[in-house]
Protein chains: 2
Amino acid sequence: MYSGGMPTSLLSLLGDLVSVNQRLTRLAARATGSSESPAVWRTLSVLNSGGPMRLGELAELSRVAQPTATKLVSNLTERGWVNRLADPDDARASQIAVTTAGADALIAWRDELAGAMLPLFADLHTDDVAVLRRAVEIIGQRADAAADLAPGAPVTAPPEGQS
Amino acid sequence: MYSGGMPTSLLSLLGDLVSVNQRLTRLAARATGSSESPAVWRTLSVLNSGGPMRLGELAELSRVAQPTATKLVSNLTERGWVNRLADPDDARASQIAVTTAGADALIAWRDELAGAMLPLFADLHTDDVAVLRRAVEIIGQRADAAADLAPGAPVTAPPEGQS
DNA sequence: CACTATACATAGCCGGGCTATGTAAATTAA
DNA sequence: TTAATTTACATAGCCCGGCTATGTATAGTG
């Protein structure tokens, strides 16, 4: 059994976490004058931190379906923020990489966003800053680790014991 | 002046916060089998915690444009999760209230979501749980306080210095 | 060489986000 | 009281992001 900890309150904490998360999402969406959608930045961010990767990998890391990734990459390509390099080993795939312009745009957006939100957080005590920093770290870790979390129940092939 | 604290790192922290937030959003979206969109739960959540309110107020608290709120409320009304009560004092408006079914659905979703995410967070140390709890508190406060944060630059009425 | 599996593209739907604009009620002014 | 304005919401209509279903071409396999 699990020693210590209070599952019930942890459960409600997770609910609260997602709720406040949704509010922050809307706040961030409106904080900047940026007309680009969150998906654009999220995708760029994944590519930027993960390095060049194939479309399927991007979809998985971004936690979107493959056709969604295709759309997003098309969008980003048109903007010149990513480009697609042929994969010499596999003609079906291509490596998707952030361009310099893309990286710059990402930085600019993050700066603008952070600047817009700064007034709200400017009065934080040092401890609270540390709390947020640690929270970001924790959530980031879990998000990384969740490679397998319900990526969509396999509709076409239910996990029946078979064959 | 502000004593202590490092603005630069606070800025990047805010950027990181939003980034990890976006990832968590996608994670949460896929964690449950719920086919309802985040917007549905966010709206229900606002109404549930804020009590019955007018549509404009809901739009403001939800940080969406008024027509978006109209759509969401229509959607929720069809599902029987909210209803609209005529405002005796103002025939143009109506009070929007969560129904019992709506409140139940919200609770069920939160439980399901938290349950799905629990495995990822089950091994958290007590301190880290406290960190997350405090982080949720902090962000919630700031989100509440941000009533005025760039709700969309007033296109029709630029902030001319007057009165 | 046929067959299956994989990687991605395409088609097409739905919902959420927005702006622009219409409409009716409330408010204010004349 | 009536006309003008302001307010609160509805409607129209667009775009984008999310999905499933399906097509197509290349890789891999018997």
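Note: hydrogens, waters and symmetry copies are ignored here, and every other heavy atom, side chains too, is used. All chains are named by letter (A, B, ...) in the order of the sequence lines, taking the proteins before the strands, and each is independently numbered beginning at 1.
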Undergrad: Do Trp109(A) and Leu72(A) land in one hydrophobic cluster if side-chain heavy atoms of ILVMFWY residues count as linked below 4.5 Å?
TA: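 Different clusters: Trp109(A) never reaches Leu72(A) through Ile, Leu, Val, Met, Phe, Trp or Tyr contacts under 4.5 Å.
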
Undergrad: Tell me the interatomic distance from Asp90(B), atom CG, to dA26(C), atom P, rounded to whole angstroms.
TA: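 Going from Asp90(B) (CG) to dA26(C) (P), I get 5 Å.
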
Undergrad: If you check every side-chain atom of Ala91(A), which of dA25(C), dT26(D), dC19(D) has the closest atom?
TA: dT26(D)

Undergrad: Going through the checks in order, is the salt bridge (Lys or Arg N to Asp or Glu O under 4.0 Å) test met by Arg134(B) and Glu137(B)?
TA: CA-CA 5 Å; Arg134(B) 175 66 184 145; Glu137(B) 193 178 329; 3.1 Å; yes

Undergrad: On DNA chain D, nearest-nucleotide positions of Pro38(A) versus Ala93(B): which is more 5'?
TA: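 Nearest nucleotide further toward 5': that of Ala93(B).
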
Undergrad: Any idea which of dA25(C), dG17(D), dC8(C) is nearest the Leu72(A) side chain?
TA: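 Nucleotide nearest to Leu72(A)'s side chain: dG17(D).
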
Undergrad: Roughly, in whole Å, what's the span from CD in Glu36(B) to P in dC19(D)?
TA: 15 Å

Undergrad: Run Asp128(B) and Arg133(B) through salt bridge (Lys or Arg N to Asp or Glu O under 4.0 Å) and show every step you take.
TA: CA-CA 8 Å; Asp128(B) 283 346; Arg133(B) 198 181 305 283; over 6 Å; no

Undergrad: Measure across Ala28(A) and Leu113(A) and return the closest heavy-atom pair with its distance rounded to 0.1 Å.
TA: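 Minimum heavy-atom separation between Ala28(A) and Leu113(A): O-CD1, 3.6 Å.
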
Undergrad: So, for Ser34(B) and Trp41(B), which heavy atoms are closest and what is the spacing to 0.1 Å?
TA: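 Here Ser34(B) and Trp41(B) meet closest at OG-NE1, 3.6 Å.
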
Undergrad: For dC16(D), does either OP1 or OP2 sit under 4.0 Å from a side-chain N or O belonging to Arg42(A)?
TA: no

Undergrad: Using only side-chain N and O atoms of Arg63(B), determine if any of them is under 4.0 Å from OP1 or OP2 of dG16(C).
TA: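 No, because none of the side-chain N or O atoms of Arg63(B) sits under 4.0 Å from OP1 or OP2 of dG16(C).
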
Undergrad: Establish, with yes or no, whether the OP1 or OP2 oxygen of dG15(C) is under 4.0 angstrom from a side-chain nitrogen or oxygen of Ser37(B).
TA: no

Undergrad: Grab the CG-C1' distance between Leu58(B) and dC9(D) for me, whole Å please.
TA: 13 Å

Undergrad: Report the distance from atom CH2 of Trp41(A) to atom P of dG17(D), rounded to the nearest whole Å.
TA: 12 Å

Undergrad: Please give, in whole Å, the distance from dA8(D) P to Glu57(B) CD?
TA: 11 Å

Undergrad: I want to check one thing: is the phosphate of dA7(C), taken as OP1 and OP2, less than 4.0 Å away from some side-chain N or O of Arg84(A)?
TA: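 Answer is no, no contact under 4.0 Å.
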
Undergrad: Can you check whether Arg30(B) has a side-chain N or O nearer than 4.0 Å to OP1 or OP2 of dC19(D)?
TA: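 Checking dC19(D) against Arg30(B), a side-chain N or O does come within under 4.0 Å of OP1 or OP2.
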
Undergrad: Decide yes or no, distance alone: a donor-acceptor N/O pair under 3.5 angstrom between the base of dA10(D) and the side-chain of Gln66(B).
TA: yes

Undergrad: Hey, which sits more toward the 5' end of DNA chain D by its nearest nucleotide, Pro67(A) or Arg92(B)?
TA: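 On the 5' side of the pair lies Arg92(B).
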
Undergrad: Just to be sure I understand the rule, does Ala65(B) reach a base, reach only the sugar-phosphate, or reach nothing, if contact means heavy atoms closer than 4.0 Å?
TA: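 Contact class for Ala65(B): base.
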
Undergrad: In whole Å, what is the span from the CG atom of Asp89(B) to the P atom of dA8(D)?
TA: 13 Å

Undergrad: Could you check how far CD of Glu60(B) sits from P of dA8(D), rounded to whole Å?
TA: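 From Glu60(B) CD to dA8(D) P: 10 Å.
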
Undergrad: Side-chain N or O of Thr68(B) less than 4.0 angstrom from OP1 or OP2 on dC18(C)?
TA: yes

Undergrad: Any donor-acceptor pair under 3.5 Å joining the side chain of Lys71(A) to the base of dG18(D)?
TA: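 Answer is yes: a donor-acceptor pair is held.
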
Undergrad: In this structure, how many angstroms lie between the P atom of dA9(C) and the CG atom of Asp87(A), rounded?
TA: 13 Å

Undergrad: Which pair of non-hydrogen atoms, one from Val136(A) and one from Asp16(B), has the smallest distance, and what is that distance?
TA: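 Answer, listing the atom of Val136(A) first, then Asp16(B): CG1-CB, 3.9 Å.
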
